[in-house]
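Keep in mind that the numbers below use all heavy atoms, side chains included, and drop hydrogens, waters and symmetry copies. Atoms within each ligand, like the ligands themselves, are counted from 1 in listed order. The structure displayed is predicted, hence computed values, not measured ones.
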Amino acid sequence: MPDKFAVAQALREIGALLELEGENPFKIRAYDTGARALEGLSEDLARVIAEGRLTELPGIGEALAKKIADLHATGSTDLLARLRARHPPGVLELLRVPDLGPKKIAALHAALGVASVAELEAACREGRVRGVKGFGEKTEQRILEGIARLHAREADRRVLLAEALTAAEPLLAHLRAVPGAEAVELAGSARRGRELVGDVDLVAASRTPAALAAALTGHPLVAAVLGSGDTKTSVRLGSGLQVDLRVVPPEDFPTLLHHLTGSKAHHVRLRGIARDRGFTLSEWGLFRLPPRERGAAAPAAEAAPDPAAKVPIASEAALYAALGLAYVPPELREDQGEIEAALDGTLPADLVEARDVRGMVHCHTTWSDGRASVEEMARAAEALGMAYLTVTDHSGSAGYAGGLDRDRIRRQWDEIDGVQERVSIRLLKGTEADILEDGALDWPDDVLERLDVVVASVHSRMRMDEDQMTRRLARAMALPVFKIWGHGLGRLLGEREPYACRVEEVLDALAGAPGAVEVNGDPRRLDLEPRWIRAARARGIPLVLSVDAHSVAALGYLRFAVTTARRGWARRGEVLNALPADAFARAVRPVR
Ligand code: DGT
Ligand code: CA
Ligand code: CA
Ligand code: ZN
């Protein structure tokens, strides 16, 4: 009989197939919500079904309960069977190939009977795809490249930071509530805010580690226990994500948290510094070296050094201080110059924090492709304590996204004026303008003049060659209008590579004209990426931390923008939306 994870997977399949058919997003989300409710179920699913209590779960109504019962009893349900019959077999697997859409998949299935990625790969290699109507040699090559990327992605199964945190947070809360748990923290790449995460690392302080191990292995999200010992437990969640937990006595917690936060490259440098100063640093903590061993090779990492030589360390900050370094926040621990800066006292102490941000920038509404109205977005941002919100719906060229023309944007302004009378948050009238192929923006000057804020982004013709894309972006950035360069290189993590482009040339153009760079907080984008944020800052280009929100929930993306900006060493004073409303509005006014 399928377990709760198998039933949840079937619900997700239904949702994905409905999405493919263009079904309404609310309906699709109901299946995801149901799947999540099942994955988090702490009771036996068979019992909940038998007692008719499925509808007591969050988001599960009568109709969904019936389908869950069918899936549990038989492995299928009418709707799933109908959906599967309407689509070529393997369509969902094939959709994971970058740039392969439902139409192409249907054509390939009809012509070649292709029903899986492996079959498609073979067909491409044998040169059969180029013979299908509408496909050519170039497309065939592109599909092969997409398959290679898909394989690479699956080989190291990395997940978006947001997914890792969504999984980690209930586990952290659960573990923190275990009696005897004195501290439980996230470590690893997720704590460093990396955009993609291999697994989740948790560290706990307790004198009764078995209770924590049991709490983790018994958590409803856990699908399999990979290993469980005295101090180390590894599990796999229903989603496939691995979670490692290490438990140590409270006195060892700070150094283990530090060790497991990484990165490896950062640690290699720290160990060298420790040795130079007569210490050895390892996962066991910081130890004084006996005089004769100073300068000698490090002892084997597996061996715990002499406990008598251990230096008590009360916090991560104390560890850095013991080594003569300023405290390095986790987001900076990548050996990208932070060690040198921490040694010579030039590490910025005023990195931007979530609480510094006062305005939600880059928000879409139902006027284009957002799901919430202007008023809903305004009230939600207000409830989050924001002082202002920029309404930046798409412009006319973005026809696919319901972009506004001159007539509709005027009507939108009327609506914004109306909402402004009912809310206390300040609303700014903006646009997410398209950067056209020649680098122009797709609004005439008389509209730009009336706007409060312009985000300028590329949404079409993304595959230009490097010269063309560089020229296009540099032209746009050099325009005399104040523009915020939106989701700079257009990457979609795991799906679409950044544009081919000489980024420094574009930043040079922006540095010589009015404008700012967006740090896009959508967890699939996180664009520009940290190294380019640093390159922008080095040129004195200000930053905007944006949410690129298409729903109320997406206002929560702000935290990812903040983390990404910190990874780019962004300081509070460099962030325009850390300014109060009036100052922000003055700073970003497109035409002055
Ligand atoms: P991930 O999981 O691939 O996204 O990246 P991390 O950084 O979370 O790496 P993970 O989970 O393998 O290990 C967590 C931390 O433990 C890592 O950031 C540093 C530390 N660590 C793991 N293996 C080693 C190692 O061989 N040497 C050193 N110095 N540290 C290690
Ligand atoms: Ca990890
Ligand atoms: Ca790990
Ligand atoms: Zn956009």
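With a 6.0 Å radius and a threshold of 12 heavy atoms from other residues, nucleotides or ligands, Asp465 has its CG atom above the threshold. Within 6.0 Å of the CZ atom in Arg491, the count of heavy atoms belonging to other residues, nucleotides or ligands exceeds 12.
Nearest to the Zn ion (ligand 4), among the N, O or S atoms that Glu432 has, is OE2.
In summary, an N, O or S atom of His487 is located under 2.8 Å from the Zn ion (ligand 4). Put simply, His459 gets within reach of the Zn ion (ligand 4), with an N, O or S atom under 2.8 Å from it.
Shortest non-hydrogen contact noted between Ala516 and Leu576 is CB-CD1, 3.9 Å.
Between His459 and His487, the angle of the ring planes goes over 60°, which puts this pair in the perpendicular group of the 30/60° scheme. Between His259 and His267, the ring planes lie tilted relative to each other; the angle falls in the 30° to 60° range.
Without hydrogens or angle criteria, Arg149 side chain to Glu495 main chain gives a donor-acceptor distance under 3.5 Å.
Around the Ca ion (ligand 3), protein N, O or S atoms at less than 3.0 Å number 4.
With respect to Arg472, the side chain to side chain contact (heavy atoms under 4.5 Å, CB included) criterion is satisfied by exactly one of Met469, Arg475, Gln468: Met469.
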